[in-house]
There are 2 protein chains.
Amino acid sequence: MSKKRRNSITIFDIASEAGVSASTVSRVLNNSMPVDPAKRDAVMKAIQTLNYKPNLAAQELGRGRTMTIGILMPLSVSIFYNTIINGIEQRLEQTPYRSLVAASNFNPQEEHKLLDLLVARKVDGIISLWSQLDENYLLEIAKETPFISIGRVLPGIEKHSLVVSNMLGAYQATRYLIERGHTRIAHITGALSVPDGVQRLEGYKKALKEAGLEVDPQLIVEGDFDEQAGLFGVGVLFARGARFTALFAGNDMMAMGARLGFYRHGMRVPDDVSLVGFDDQPGAAYTIPPLTTVRQPLVEMGRMAGQAILDLIEDQEPDLPQFNTELLIRESVATVVRNDFNYKMYMPS
Amino acid sequence: MSKKRRNSITIFDIASEAGVSASTVSRVLNNSMPVDPAKRDAVMKAIQTLNYKPNLAAQELGRGRTMTIGILMPLSVSIFYNTIINGIEQRLEQTPYRSLVAASNFNPQEEHKLLDLLVARKVDGIISLWSQLDENYLLEIAKETPFISIGRVLPGIEKHSLVVSNMLGAYQATRYLIERGHTRIAHITGALSVPDGVQRLEGYKKALKEAGLEVDPQLIVEGDFDEQAGLFGVGVLFARGARFTALFAGNDMMAMGARLGFYRHGMRVPDDVSLVGFDDQPGAAYTIPPLTTVRQPLVEMGRMAGQAILDLIEDQEPDLPQFNTELLIRESVATVVRNDFNYKMYMPS
DNA sequence: AGAATTTGTGAAACCGCTTTCAAAGTCGTT
DNA sequence: AACGACTTTGAAAGCGGTTTCACAAATTCT
């Protein structure tokens with residue numbers, strides 16, 4: 001079916017070129033042992049002139065370690081996940097470890113395949129982001145290979161899991177809205193099939209209850225984290241005739257969708273309706289108006305995950321801190337001025 | 001410094017388990033040769049019960065081909081590049097080839113290192129996106145390994161390069177603005193250190209000249225593709241006292257930045273000023289108002305690049321089509337109603 | 001029925017590098 | 001000068017697969 005390409009110059013070629021043994025070449029390559037300076041130079045020169053590049057597969061096979069840690073993420077086309085990965089790589093950069101990332105595009109089949117691929121590649125560790133895979137399968141893999149889970153806690157290895165409190169973030173967002181005088185706060189949820197979505201919903205409810213406000217189902221519509229859902233969500237809200245002065249969206253993308261929805265209905269943000277998102281995705285600072293949102297310390301999370309996987313590889317128990325969200329106050333929320341007769345409620349025209 | 005992990009079960013383990021030779025196991029694994037059904041089943045079962053996973057490094061070394069094509073991109077945290085990569089992977093999915101992507105974060109040092117890594121990994125082909133590396137170095141690599149360049153044409157292997165006409169896109173955008181009655185059109189350029197930036201500037205100028213309009217340096221400010229630059233750019237424009245009714249931004253991110261700039265200055269889009277971007281990045285459809293912009297067929301480009309690298313691997317000359325941009329008309333441009341006394345009069349359409 | 005093919009199979013060589021092991025050199029002591 | 005303790009070094013044995021090769025067994029053809 002196809003030809004091999006077995007051209008490459010090997011360690012032996014450069015060995016003979018330099019007049020030493022292959023072992024010696026290997027030794028200067030990894031300087032794993034002292035080598036006579038003269039020979040070392042000869043080897044270096046040979047490497048140079050023959051433009052030798054070690055064969056990675058051979059190295060890995062030879063030493064039984066790949067020096068790479070695999071990263072499994074749900075979606076390649078996502079700044080959110082990539083930012084975390086950035087953090088991981090920042091940590092790894094200072095080590096001899098490389099990273100190898102695989103994206104499943106939210107397809108569990110594909111994710112399974114990719115995870116197997118990482119295992120087949122014998123990566124030294126795996127960091128998985130928001131895996132959708134079966135718990136037991138993951139645990140099984142975690143038994144064989146150092147494994148860190150981000151965005152999902154795996155029972156039994158909670159210590160190797162890293163999540164931020166979605167609940168807290170949603171609570172902060174809602175709470176803030178309440179403090180600014182809003183009492184009728186709508187919520188477009190994230191996908192309720194994933195924990196993040198329901199946890200954020202919970203946080204929203206908690207803030208409401210704590211403030212003695214009722215949780216009105218009329219004000220809640222289920223979304224799926226997509227811009228579309230935001231746009232559609234405000235449509236639903238209006239169709240219901242819901243009355244609200246603020247909207248908390250389950251993430252920034254939905255907030256942007258909602259923003260467009262309001263625009264279509266001729267409602268100004270924040271003058272007519274306040275809006276808060278979740279994630280602080282890039283660009284959130286450049287919406288009109290700049291979006292108030294909940295920030296997760298993504299890069300920092302990545303860094304810590306990187307540290308944790310290194311710990312695990314060294315057989316040390318990782319020490320994963322608690323990550324908290326932070327409310328980023330920008331310009332999409334207005335204070336509502338109370339009025340005994342009229343709560344400053346808005347309705348589309 | 002560290003321990004090996006040499007636990008794994010090998011082809012021999014499953015060979016003895018199934019009562020056949022290792023060669024046979026290999027044969028059923030790749031079904032490269034007919035094997036007695038009974039033995040085949042035995043092998044399958046053994047694989048199952050021992051939960052065997054072939055060692056990729058060993059496979060690659062053994063067969064001298066890695067069945068992976070490397071992708072080198074400038075920035076991991078970018079939907080733009082990732083969309084192209086998506087296209088590549090779509091094409092690859094239907095083949096036995098895997099992809100391996102490496103991101104340099106615009107750091108030439110890093111890019112060099114990563115490219116070397118791909119070579120060391122002996123990938124069967126390389127697709128490079130907007131490489132910043134030295135031409136000769138790239139050509140040298142292209143000599144050894146099938147190589148496709150996206151976003152930059154490499155002299156000598158133009159046929160292996162894939163670019164879209166930035167010039168055309170910018171021309172389309174500017175032309176459209178002119179057709180809508182705009183005569184004073186500002187432009188915030190991309191980074192002029194990269195071809196895309198200057199080509200878009202050229203396209204802008206071309207459209208202007210063609211329409212008999214002067215190219216006013218007052219209306220041009222250099223940006224760098226970042227939101228910041230857009231925001232800053234309109235600041236500069238206003239500081240100069242420049243008068244314009246439309247702005248063509250070198251990309252969407254700068255358009256968003258500019259959008260915020262206008263907002264800060266109390267100018268409505270498109271009522272007071274029209275705006276067009278470039279790239280159609282996700283979210284561009286959800287700006288306020290939805291942004292008119294130039295679309296590049298990213299996914300399609302990726303697919304074709306995937307096809308091309310496969311061709312190259314098969315020793316066939318790839319047939320890369322010409323990719324054209326397309327103007328996506330949304331809502332950020334208004335028609336100007338001319339007025340002899342004051343051209344600053346608009347009518348949103 | 002016997003010759004000529006055509007399977008199916010295991011042994012062994014090989015892929016390119018690392019690492020163990022033992023031999024050969026060095027050097028410092030006594 | 002002889003001896004022991006380190007250093008350097010090359011040969012050789014892996015690492016876990018693939019593939020060639022030779023051979024036995026099963027088919028097919030006269």
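Below, chain A is the first sequence line, B the second, and so on; all start at residue 1.
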Novice: Would a 4.5 Å heavy-atom cut-off, applied to side chains only, mark B/Asp311 and B/Ile313 as touching?
Specialist: no

Novice: Between B/Phe106 and B/Tyr81, how do the two ring planes meet: parallel, tilted or perpendicular, split at 30° and 60°?
Specialist: perpendicular

Novice: Pair A/Glu89, A/Arg98 - check salt bridge (charged side-chain N to carboxylate O under 4.0 Å, His left out), show working.
Specialist: CA-CA 8 Å; A/Glu89 289 177 339; A/Arg98 311 180 194 79; over 6 Å; no

Novice: What integer distance in Å separates B/Leu61:CG from D/dT19:C1'?
Specialist: 13 Å

Novice: Rounded to the Å, how far apart are B/Glu60 CD and D/dG17 P?
Specialist: 12 Å

Novice: Can you tell me which nucleotide in D/dG16, D/dT19, C/dC17 comes closest to the side chain of B/Asn55?
Specialist: D/dG16

Novice: In whole Å, what is the span from the CE atom of A/Met67 to the P atom of C/dC17?
Specialist: 18 Å

Novice: Counting only heavy atoms not in A/Gln48 (residues, nucleotides, ligands), do more than 12 fall under 6.0 Å from its CD?
Specialist: no

Novice: How close or far is atom P of C/dA11 from atom CD1 of B/Ile11, stated in whole angstroms?
Specialist: 14 Å

Novice: Pick base, sugar-phosphate or nothing for B/Ser26, based on heavy-atom distances below 4.0 Å to the nucleic acid.
Specialist: base

Novice: Does a side-chain N or O of A/Thr10 approach OP1 or OP2 of C/dG16 to a distance below 4.0 Å, or not?
Specialist: no

Novice: Rounded to whole Å, please give me the gap between CG in B/Leu56 and C1' in D/dC15.
Specialist: 14 Å

Novice: What are the residues of residues 30-44 of chain B, sorted by number, that bring a heavy atom to within less than 4.0 Å of DNA chain D?
Specialist: B/Asn30

Novice: Report the nucleotide, chosen from D/dG10, C/dG10, D/dT18, that has the shortest atom-to-atom distance to any side-chain atom of A/Arg27.
Specialist: D/dG10

Novice: At under 4.0 Å, does any side-chain N or O of A/Thr24 touch on OP1 or OP2 of D/dG10?
Specialist: yes

Novice: Under the side-chain hydrogen bond (donor to acceptor under 3.5 Å, both in side chains) criterion, do B/Tyr97 and B/Arg91 qualify, and how do the steps go?
Specialist: CA-CA 10 Å; B/Tyr97 287 90; B/Arg91 179 63 187 84; over 6 Å; no

Novice: What's the closest nucleotide to the side chain of A/Val20 if the choices are C/dG10, D/dG16, D/dG10?
Specialist: D/dG10

Novice: Measure from CG on B/Leu29 to P on D/dG17 and round the result to the nearest Å.
Specialist: 8 Å

Novice: Just to verify, what does A/Thr68 make a side-chain hydrogen bond (donor to acceptor under 3.5 Å, both in side chains) with, not counting sequence neighbours?
Specialist: none

Novice: Applying side-chain hydrogen bond (donor to acceptor under 3.5 Å, both in side chains) to A/Ser21 and A/Thr24, what does each step give before you reach the verdict?
Specialist: CA-CA 5 Å; A/Ser21 76; A/Thr24 300; 3.3 Å; yes

Novice: Is there a side-chain contact between B/Gln59 and the phosphate of D/dG16, meaning an N or O under 4.0 Å from OP1 or OP2?
Specialist: no

Novice: In the structure I gave you, are the side-chain heavy atoms of A/Asn86 and B/Ser76 within less than 4.5 Å of one another anywhere?
Specialist: yes

Novice: Can you give one letter per nucleotide of nucleotides 23-29 of chain D, 5' to 3': B if a protein heavy atom sits under 4.0 Å from the base, S if only from the sugar-phosphate, - if neither?
Specialist: -------

Novice: State, yes or no, whether a side-chain contact exists between A/Ile127 and A/Leu72 at a heavy-atom distance under 4.5 Å.
Specialist: no

Novice: Output the rounded distance in Å from CZ (B/Phe12) to P (D/dT18).
Specialist: 11 Å

